[in-house]
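Everything numeric here is computed off the predicted structure, so don't read it as measured data. Proteins get letters first, then strands, A, B, ... in listed order; numbering begins at 1 in each.
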Number of protein chains: 2
Amino acid sequence: MPDDKSYTCQVRALHEDAVEVARSSSLPDDEVFELARLFKVLGDPTRTRILRALRSGELCVCDISHVLGMSISSVSHQLRVLREHNLVKARREGKIVFYTLADPHVLDLHETALEHVRE
Amino acid sequence: MPDDKSYTCQVRALHEDAVEVARSSSLPDDEVFELARLFKVLGDPTRTRILRALRSGELCVCDISHVLGMSISSVSHQLRVLREHNLVKARREGKIVFYTLADPHVLDLHETALEHVRE
DNA sequence: TCAACACTTGAACAATTGCTCAAATGTTCA
DNA sequence: TGAACATTTGAGCAATTGTTCAAGTGTTGA
């Protein structure tokens with residue numbers, strides 16, 4: 001990021017004090033990244049529906065596929081994403097793998113967001 | 001989505017009752033979509049940092065660019081996304097456009113998510 | 001040991017994303 | 001009016017995403 005005129009506005013900062021306040025109260029980079037990462041995982045309709053489905057208790061991959069009306073494969077791919085981000089847990093029982101919410105607390109985000117979405 | 005064996009598991013559903021419960025308590029499609037859409041917008045580090053910066057009050061595009069250390073252009077592009085999703089509001093004063101949070105309530109999502117991220 | 005089955009995985013693909021660069025707007029002030 | 005400047009916009013691009021298809025793994029029971 002070069003420090004020339006094309007890059008930012010030409011004064012050092014239009015409102016230096018406001019910039020300083022904003023800068024000093026900003027989150028550490030890693031927290032910003034983690035925050036965005038979590039929201040990004042939540043920001044897909046398929047994954048949203050999987051998390052909603054698991055609200056009522058554990059389900060196997062086949063069950064989830066039926067609830068969503070989607071292929072086993074794509075559900076499994078998304079379950080992997082959710083697993084990798086510690087949003088769901090898997091438990092194998094014979095041939096069947098059961099999934100549960102790793103931390104139902106995460107659904108608090110759904111509630112808050114729904115309030116916003118519903119205005 | 002064809003209804004053949006390659007598509008889902010071979011029984012109608014492994015746990016029909018659980019599937020029925022999950023299905024009947026699921027969100028309407030449009031709410032799922034809106035929910036995911038909101039999280040998706042929140043799920044980018046640049047946009048996260050913009051929203052955090054605006055927490056301390058209104059800033060112009062140039063200010064935000066300074067706080068983030070990013071080009072005016074990319075900040076403006078992201079502000080457009082935030083505007084289109086009603087997360088920020090713009091107010092023009094002469095040559096300068098000031099941005100504010102459209103609904104600071106949205107930052108409640110940050111707080112809740114930060115708790116989760118921080119374990 | 002082998003077929004059946006629940007699930008996972010990898011490659012391939014179109015679609016979407018976030019950035020940069022350059023050009024266009026809109027506003028002020030001389 | 002025209003130059004200066006804050007911001008927006010559009011095209012172009014590499015990178016990422018979500019799905020499908022086909023092949024793979026792991027477990028059960030005959």
Within this structure, what is the [atom1]-to-[atom2] distance between [X] and [N], rounded to whole angstrom?
X	N	atom1	atom2	result
A:Ile50	C:dC7	CD1	P	13 Å
A:Phe98	C:dC7	CZ	P	8 Å
A:Leu59	C:dC7	CG	C1'	15 Å
B:Arg49	C:dG18	CZ	P	15 Å
B:Phe33	D:dG18	CZ	P	13 Å
B:Met70	D:dT8	CE	C1'	16 Å
B:Ile72	D:dT9	CD1	P	14 Å
A:Arg91	C:dC7	CZ	P	12 Å

Let's see if you can work this out: which of [options] has an atom nearest to the side-chain heavy atoms of [X]?
X	options	result
B:Ser74	C:dG10, C:dC19, D:dG10	C:dC19
A:Val97	C:dC7, D:dT19, D:dT7	C:dC7
A:Ile96	C:dT8, D:dC5, C:dA6	C:dA6
B:Cys60	D:dT7, D:dT27, C:dC7	D:dT7
A:Arg92	D:dT27, C:dG18, D:dT17	D:dT27

Please round to the nearest 0.5 Å and tell me the distance separating atom [atom1] of [X] and atom [atom2] of [Y].
X	Y	atom1	atom2	value
A:Leu68	B:Arg23	CG	CZ	9.5 Å
B:Leu38	A:Phe39	CG	CZ	8.0 Å
A:Lys95	A:Cys60	NZ	SG	12.0 Å

Assuming nearest nucleotide by heavy-atom distance, tell me which of B:Ser76 and A:Arg47 is located more 5' along DNA chain D.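 Checking each residue's closest nucleotide, the 5'-ward one belongs to B:Ser76.
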
Starting from the 5' end of DNA chain D, give me the residue, A:Gly94 or A:Gly43, whose nearest nucleotide shows up first.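 So the residue in question is A:Gly43.
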
Check the phosphate of [N] against [X], side-chain N and O only, distance under 4.0 Å to OP1 or OP2. Yes or no?
X	N	result
A:Ser71	D:dT19	no
B:Lys95	C:dT25	no
B:Lys40	C:dT16	no
A:Gln78	D:dT17	no

We want to know whether B:Asp108 and B:His105 form a side-chain donor-acceptor pair, criterion being a heavy-atom distance below 3.5 angstrom. yes

Within the modelled atom types, does a donor on one side and an acceptor on the other bring the side chain of B:Ser73 and the base of D:dT9 under 3.5 Å apart? yes

Is any N or O donor-acceptor pair between the side chain of B:His77 and the base of C:dT20 shorter than 3.5 Å?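 Side chain to base: pair present.
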
Reckon B:Tyr99 touches a base, only the sugar-phosphate, or nothing at all at heavy-atom distances under 4.0 Å?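 Sugar-phosphate contact only - B:Tyr99 comes under 4.0 Å of backbone atoms but never of a base.
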
Do A:Glu111 and A:Arg52 meet the salt-bridge criterion of a basic N to acidic O distance under 4.0 Å? yes

SB check B:Glu31 A:Arg118 (cutoff 4.0 Å):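 Answer for the salt bridge query: yes.
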
